[in-house]
Structures are given as C-alpha cells and as structure tokens.
S.K.: 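Below is a structure I'd like to ask you about.
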Protein chains: 2
Amino acid sequence: MAIVSYICVMSITLRRDVFQAIADPTRREIINLLSHKTLTLNGVAENFNISRPAISKHIRILSECGLVVVHQQGRERYCEARLNSLREVSEWTSQYEKFWSARLDALGDFLASGAKPRKTRKR
Amino acid sequence: MAIVSYICVMSITLRRDVFQAIADPTRREIINLLSHKTLTLNGVAENFNISRPAISKHIRILSECGLVVVHQQGRERYCEARLNSLREVSEWTSQYEKFWSARLDALGDFLASGAKPRKTRKR
DNA sequence: CCATATAGTAACCGGTTGGTTACGTTAGTC
DNA sequence: GACTAACGTAACCAACCGGTTACTATATGG
C-alpha cells in the first residue's frame with residue numbers, strides 16, 4: 001500500500017509520514033542522539049549494534065520526512081536534526097490531552113461516551 | 001502477532017508499542033472517531049471502505065496498547081477510547097519542542113549543532 | 001598514485017503488516 | 001427452532017520492513 005511515500009513534484013519535503021518514521025525505536029533513538037549534536041553517519045552507527053547500512057536506511061527515512069537533513073562535507077555526511085515536523089505529532093496528540101490530564105479525566109470520559117450508542121443501551 | 005505483544009505478567013498494560021499503533025493512518029482515524037463517541041465495531045467499520053475484519057484487527061491492535069477498551073453488551077461490542085497512553089507520545093515529542101517553537105528556533109539550532117563537527121576523525 | 005575511510009546501493013531474507021474471503025459462534029428476533 | 005445480525009478467527013496474499021552481506025564510488029592522506 002505504500003501508504004504515503006513519494007515524490008512531491010514541486011515542493012521539497014514531506015513524502016514520508018512522520019508518524020511512521022517515529023514508530024521505530026531505533027529511529028527514535030537516532031532522533032534523540034541527533035537532537036543533542038550533529039553526527040556523521042558513522043558517528044550515529046557507533047551508538048548501535050546494527051550494521052552501518054541499516055543506519056543508513058534509517059537516516060534516509062528520517063531525511064525523507066524532513067526530520068534530519070544531511071549535508072556532505074568531504075567524504076563525511078553530517079546528520080542534523082530538524083525536528084519541526086514533530087510538531088504535527090505534537091498537535092495531533094495534544095488534541096486528545098483531555099484524556100490523560102488528571103483534572104480533566106471526567107470531561108474526557110464524558111466526551112468519549114457522550115453521544116450514546118444507538119441501539120438498546122441498558123446500563 | 002507480534003513484535004512487542006505479550007504478556008506483562010505483573011503490570012496490566014503496555015504490550016503493544018503505542019508509537020507503532022498510531023503509525024497507521026486508519027488507526028489514527030479510528031482514534032479520532034472514538035474520541036468523539038463510543039461506537040460498536042460495525043459502527044466504526046461504516047466509516048471506512050475496508051472490510052469489517054480489517055477494522056476488527058485494527059481495534060485489536062488499539063486495545064492491545066490500551067488506546068481502546070472494548071466492552072461487550074449482548075452481541076455488540078462497544079469500542080471506547082482510552083487515550084491515556086498517548087501521553088507517552090506527547091511527552092516524547094514535547095522533549096523536542098524547542099525545534100519548532102518559533103521563539104526558540106535559534107536555540108534549537110544551536111543545540112543541534114552545538115558540538116561542532118571535528119574534521120579529521122581518526123579511529 | 002595508492003591505500004584507506006566514509007558512505008551509498010543492490011540483492012537478499014525472514015517476519016510483519018494490512019488487507020482479503022470464507023467460515024464459525026453467539027445473541028436477538030420472529 | 002430457525003433465521004439473522006454482530007462479531008471473531010483462520011487461511012491466505014502481496015507488499016513492506018528491518019536487518020544482513022557484498023560491492024562500489026569517492027575523498028583524503030601518506
């Protein structure tokens with residue numbers, strides 16, 4: 001299904017889905033690393049047990065949704081975090097904040113069950 | 001089934017990874033629907049073009065990570081949103097808020113590239 | 001110029017995902 | 001008791017994912 005992916009003829013960014021990008025724990029860890037400092041690809045790979053090509057793939061996915069930008073410098077490629085698109089995730093989740101906010105728990109419950117199910121609802 | 005799945009002998013929750021659960025757009029849409037009102041499984045399925053068993057699977061995944069609870073009533077199963085575990089996602093992303101907060105853009109950049117790349121890196 | 005380090009790419013592999021159809025089970029309904 | 005509605009489950013399938021190894025290309029440095 002290749003849900004999202006691809007091309008974006010005119011604009012530069014956003015082919016990959018950021019939700020999918022952060023679904024993988026390794027990628028979240030990479031994001032965490034890069035959020036503290038820019039690293040070369042090997043620099044990233046040193047922090048994991050998996051092979052360098054595997055890291056390379058993760059970096060590519062991250063860069064495909066704009067979470068990381070890579071700029072080459074000689075033979076090294078520096079990976080820099082650009083976490084703006086995490087905003088999308090943040091905004092999506094914050095939409096449901098009432099569900100976990102302690103003070104608003106009751107409201108969350110109310111909203112969730114507010115419109116009552118159609119059929120014979122006994123209780 | 002499963003990468004994560006299973007058991008958790010002592011604690012009740014969290015067999016599935018919530019990040020993975022929300023990676024699928026259909027599941028996010030289901031979450032959205034259920035956040036407004038509790039629906040039966042068929043009620044959910046009516047909103048999509050995919051088959052009912054497919055919805056059933058999505059609901060199961062959602063309930064496996066606690067985002068949805070299902071309570072049976074007669075032959076109907078009501079799916080109710082329990083979005084508390086989205087807090088985990090919210091907290092993870094908010095960690096990187098500085099990257100997209102307009103006022104703190106400069107700080108974000110500074111932090112991201114703070115440790116400046118060292119040229120010749122010998123090993 | 002040649003050796004080496006950094007990194008991309010291709011081919012492959014097994015497991016997972018997201019969907020399907022077909023069927024089974026159980027609760028209402030007549 | 002028989003039919004139907006609401007659901008779960010099993011079997012299947014193609015595509016994808018995350019990993020590997022092997023190879024290639026290019027910069028750098030002696």
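Numbered from 1 within each chain, the chains take letters A, B, ... in sequence-line order.
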S.K.: Is the backbone N or O of B:Val18 less than 3.5 Å from a side-chain atom of B:Ser85, with the two atoms forming a donor-acceptor pair by type?
M.R.: no
S.K.: Look at the side-chain N and O atoms of B:Thr40 and state whether any lies under 4.0 Å from the OP1 or OP2 oxygen of D:dC7.
M.R.: yes
S.K.: Using the test salt bridge (charged side-chain N to carboxylate O under 4.0 Å, His left out), find all partners of B:Glu91 that sit at least two apart in sequence or belong to another chain.
M.R.: B:Arg87
S.K.: What is the distance, to the nearest angstrom, from the CG atom on B:Leu39 to the P atom on D:dC7?
M.R.: 10 Å
S.K.: Which pairs, protein N/O on one side and nucleotides 20-25 of chain D N/O on the other, fall under 3.5 Å?
M.R.:
| from | atom 1 | to | atom 2 | distance (Å) |
| --- | --- | --- | --- | --- |
| D:dT20 | OP1 | A:Ser51 | N | 3.3 |
| D:dT20 | OP2 | A:Ser51 | N | 2.7 |
| D:dT20 | OP2 | A:Ser51 | OG | 2.4 |

S.K.: Looking at D:dC17, I'd like to know if its phosphate oxygens (OP1 or OP2) sit under 4.0 Å from a side-chain N or O belonging to A:His58.
M.R.: no
S.K.: Can you see whether A:Glu80 engages A:Tyr78 through a side-chain donor-acceptor pair at a distance of less than 3.5 angstrom?
M.R.: no
S.K.: OP1, OP2 of C:dT4 versus side-chain N and O of A:Arg75: anything below 4.0 Å?
M.R.: no
S.K.: Return no unless some side-chain N or O of B:Ser56 is found under 4.0 Å from OP1 or OP2 of D:dC7.
M.R.: no
S.K.: Could you tell me which residues satisfy salt bridge (charged side-chain N to carboxylate O under 4.0 Å, His left out) with A:Arg75, sequence neighbours excluded, listed by chain and number?
M.R.: none
S.K.: In whole Å, I'd like the distance from the CG atom of A:Leu62 to the P atom of D:dG18.
M.R.: 10 Å
S.K.: Indicate whether OP1 or OP2 belonging to C:dT17 is found under 4.0 Å from a side-chain N or O atom of B:Gln20.
M.R.: yes
S.K.: Indicate every side-chain donor-acceptor pair of residues 52-59 of chain A with a distance under 3.5 Å to a residue at least two apart or in another chain.
M.R.:
| from | atom 1 | to | atom 2 | distance (Å) |
| --- | --- | --- | --- | --- |
| A:His58 | ND1 | A:Arg27 | NH1 | 3.1 |

S.K.: When you measure from the side-chain N and O atoms of A:Asn42 to the phosphate of C:dA7, is any distance below 4.0 Å, counting only OP1 and OP2?
M.R.: yes
S.K.: Quick one: list whatever passes side-chain hydrogen bond (donor to acceptor under 3.5 Å, both in side chains) with B:Asn32, sequence neighbours left out.
M.R.: A:Tyr96
